[in-house]
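Report on one structure; see the data block that follows.
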Amino acid sequence: MKVIIAEKPSVAREIAKVFGATTKKDGYMEGKGYTFTWAFGHLLQLAPPQEYGFYGWNVQNLPMLPPKFKLSIRKVKTKEGMVDDPSVKKQLDIIKGLFDEATEIIVATDAGREGELIFRYIYYYLKCKKPFKRLWISSQTDEAIKEGFRNLKPGSDYDTLFNSAHCRSQSDWLVGMNATQALSLSSGTRAVLSLGRVQTPTLAMICSRFLENKNFVPQLYYQAAIQVDKEGQTFRAMSVESYKTKEEAQKIIDDVEDVASGFPTGGYVINVEAKPRKEPPPLLHDLSSLQQEANKKKGFTADQTLTLLQGLYESKLVTYPRTGSRYIGDDVFAEVPALLAKFTNHPDFGKQANLLLQSKLNKRSVNAKKVTDHHAILPTGETAHQLTPDKQAIYDLVVGRMLEAFNQDCIKEVTKITVESGSKFTASGTVIHTAGWRAIFNEADEEKKDEENASLPKVVQGEHLPVTNKALLEKQTKPKPLYNEASLLKALETAGKEIDDEELRYAMKESGLGTPATRAAIIETLIKRDYILREKKNLVPTATGLSVYNVVKSQKIAQAELTGTWEKRLEEIRSGASVADFQEEIKTYTRTITRELLQAGTLMKNT
DNA sequence: GCAAGGTC
């Protein structure tokens with residue numbers, strides 16, 4: 001008997017379906033001589049410090065460097081403290097039973113570093129010795145699964161991938177556990193002051209933006225504005241220059257040849273530019289972009305959106321939620337017309353779905369090369385019954401985005417009018433000719449500047465128009481805004497883009513800080529530690545957060561670059577480089593940062 | 001009491 005093990009039940013079910021296996025058992029399925037079982041993500045984790053004899057939180061134990069890491073069952077929090085998660089324990093027992101019976105194992109966890117780790121941790125924890133092969137597919141359509149099974153790889157092909165995954169895991173443990181205890185113990189507070197490769201740079205981003213914003217000194221500047229009249233329709237034009245002093249701007253105002261100053265047509269149109277502009281539809285959603293949009297439009301936190309979306313996924317209404325890809329492959333695209341047809345009776349989107357079915361679909365979101373473990377989020381087309389208002393809101397964002405993404409470009413005309421009246425003034429305006437994808441939600445362009453006119457009257461070069469009003473405007477330069485959940489998620493995704501070192505930047509380009517599956521949890525961790533709090537929609541540091549930031553801000557652990565350095569080394573390990581060298585470096589770094597924090601934390605008492 | 005990673 002061959003056992004196929006997937007990362008999660010939904011994938012195991014998909015594969016079983018392709019094989020025509022339909023017999024459902026407790027924790028697995030079977031049929032056609034195969035059994036199909038699954039994990040629920042990581043079932044096992046590196047064992048906590050006490051399992052290596054490091055009891056309590058004690059400076060004597062630091063740095064904790066276990067000679068050999070152990071694995072333990074994922075824990076769950078109960079009234080009695082942390083205990084083995086019973087559902088995990090049960091599933092592991094089921095897997096063990098199946099592995100014991102197996103002649104061969106086929107590894108069908110997600111095709112990536114963590115997927116490999118999920119399987120290997122189970123395999124080694126169960127002390128299993130059965131031979132295994134690897135299914136490596138990047139899309140879960142029937143055809144992709146069949147092709148993958150025709151092309152199974154030897155399990156050992158992925159040994160170096162496991163090595164890199166195991167190193168990632170150990171390194172995060174060593175640095176995180178030791179740094180956390182070192183800072184917590186030396187600070188003298190009884191609180192847990194956690195630090196980690198991902199959470200600490202995230203905290204640093206929030207704190208540094210907060211301080212920059214708080215210490216920002218606004219600069220005053222001045223601009224002149226005029227109101228021009230074209231046959232009763234007026235528009236506002238701004239001085240091309242802005243001025244540091246009021247006097248300079250007043251001079252521009254004084255020179256304006258307005259009606260009140262005795263010039264009936266003192267506005268000379270010296271130029272009219274009208275350019276059509278195509279605006280392509282947005283890409284389909286990945287988790288992060290959906291979390292950002294839901295935060296902007298509905299005020300949901302990243303964590304709320306993930307929970308709601310997981311609920312929709314479990315009711316089979318949307319595809320896999322924790323994806324980092326905004327694309328679909330050609331195989332999924334082929335199903336899109338049938339999918340759209342399921343929404344032609346939708347109360348809000350029905351009309352748009354019908355229209356879209358009659359036109360050529362935009363393929364901007366179709367790119368198989370940009371589909372990683374999972375494709376972009378789509379509705380499945382199953383009928384939704386009685387969703388809670390919040391779930392409905394998320395579902396509608398997913399459906400609406402699908403309709404946008406396959407829609408036509410929005411065609412705009414951007415007009416710029418230059419008027420001379422003493423000096424030069426410009427007015428710009430945008431008119432939408434063909435709404436295209438913008439018809440779906442029918443919302444104003446959020447990027448539209450407040451100075452922009454919604455629409456401008458038709459004027460031609462050479463016209464002399466009356467200037468009916470003028471004003472001197474006092475303005476202030478603005479600081480970068482505080483982070484909110486949407487802007488922080490985006491910053492985490494792109495963290496590393498500004499790294500100077502080209503190799504580190506490259507190593508981080510696909511990853512950023514954290515992963516789609518973990519970013520919401522990172523924000524919640526910082527809140528739980530009382531490092532940050534939500535103030536309206538903004539994320540601002542607390543006094544505790546700021547004092548931790550002050551202690552670590554110039555250390556490596558507070559820089560996104562640390563992830564870049566690790567990613568570069570982990571990729572080298574995946575290509576066969578020495579594991580021992582990197583492990584030795586991490587140990588050395590662990591000793592250093594532990595020593596530094598044991599000293600630095602004492603400073604916190606005085607801040 | 002602690003990391004980051006995955007998922008029900």
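Below, chains carry the letters A, B, ... as their sequence lines are ordered, and counting in each starts from 1.
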Report the distance from atom CG of A:Leu513 to atom P of B:dG5, rounded to the nearest whole Å. 9 Å

Can you check whether A:Ser194 has a side-chain N or O nearer than 4.0 Å to OP1 or OP2 of B:dA3? yes

What's the closest nucleotide to the A:Arg529 side chain, out of B:dA3, B:dT7, B:dC8? B:dA3

Do A:Phe19 and A:Phe36 have ring centres separated by under 6.0 Å? yes

Over all strands shown, is A:Arg519 touching base, sugar-phosphate only, or nothing at heavy-atom distances under 4.0 angstrom? nothing

With respect to the side chain of A:Arg168, which nucleotide from B:dG5, B:dC8, B:dC2 is positioned closest? B:dG5

Rounded to whole Å, how long is the line connecting atom CG of A:Leu312 with atom C1' of B:dC8? 15 Å

The nucleotide from B:dC8, B:dA4, B:dA3 with an atom nearest the side chain of A:Met177 is B:dA3

In whole angstroms, how far is the P atom of B:dG5 from the NE2 atom of A:His166? 17 Å

Provide, to the nearest angstrom, the distance between the CG atom belonging to A:Asp530 and the P atom belonging to B:dG1. 18 Å

How close or far is atom C1' of B:dG5 from atom CD of A:Glu524, stated in whole angstroms? 17 Å

In terms of the nearest nucleotide of DNA chain B, which residue is placed more toward the 5' end: A:Leu43 or A:Gly81? A:Gly81

How is A:Gly514 classified with respect to the nucleic acid when contacts are heavy atoms under 4.0 Å: base, sugar-phosphate, or nothing? sugar-phosphate

From the options A:Arg326, A:Gln291, A:Gln292, A:Glu293, select the one residue that forms a side-chain hydrogen bond (donor to acceptor under 3.5 Å, both in side chains) with A:His285. A:Glu293

Which part of the nucleic acid, if any, lies within reach of A:Asn178 when heavy atoms closer than 4.0 Å are counted: base, sugar-phosphate only, or nothing? nothing

Examine A:Trp173 together with A:Phe54 and report whether their ring centres are nearer than 6.0 Å. no

Heavy-atom distance under 4.5 Å between the side chains of A:Val83 and A:Lys75, does that happen here? no

By nearest heavy atom, map A:Ile118 and A:Leu195 onto DNA chain B; which one lands nearer the 5' end? A:Leu195

Any salt bridge between A:Lys568 and A:Glu561, counting N to O under 4.0 Å? no

Which part of the nucleic acid does A:Arg113 contact within heavy-atom distance under 4.0 Å: base, sugar-phosphate only, or nothing? nothing

Among the nucleotides B:dG1, B:dG5, B:dA4, which one has an atom lying closest to any side-chain atom of A:Gln199? B:dA4

In whole angstrom, give the distance that lies between atom CG of A:Leu174 and atom C1' of B:dC2. 13 Å

Whole-Å distance separating the CD1 atom of A:Ile94 from the P atom of B:dC8: 15 Å

Between C1' on B:dT7 and CG on A:Leu92, what's the gap in Å once rounded to a whole number? 14 Å

Below 3.5 Å, does any donor atom in the side chain of A:Gln181 face an acceptor in the base of B:dC2, or the other way round? yes

Under 4.0 angstrom, heavy atoms only, what part of the nucleic acid is A:Val192 near: base, sugar-phosphate, or nothing? base

Students often get this wrong, so: under 4.0 angstrom with heavy atoms, is A:Thr518 touching a base, only sugar-phosphate, or nothing? base

Just checking A:Phe162 against A:Phe119, ring centres under 6.0 Å apart? no

Under 6.0 Å between the ring centres of A:Tyr121 and A:His166? yes

Would you mind telling me which of B:dA4, B:dT7, B:dC2 lies closest to the side-chain atoms of A:Arg322? B:dT7

Numerically ordered, the residues 44-61 of chain A set in heavy-atom contact under 4.0 Å with DNA chain B is A:Gln45, A:Leu46, A:Pro49, A:Gln50, A:Trp57

Does the structure place the NZ or CZ of A:Arg134 under 6.0 Å from the centre of the six-membered ring of A:Tyr158, at an angle of no more than 45° from the ring's axis? yes

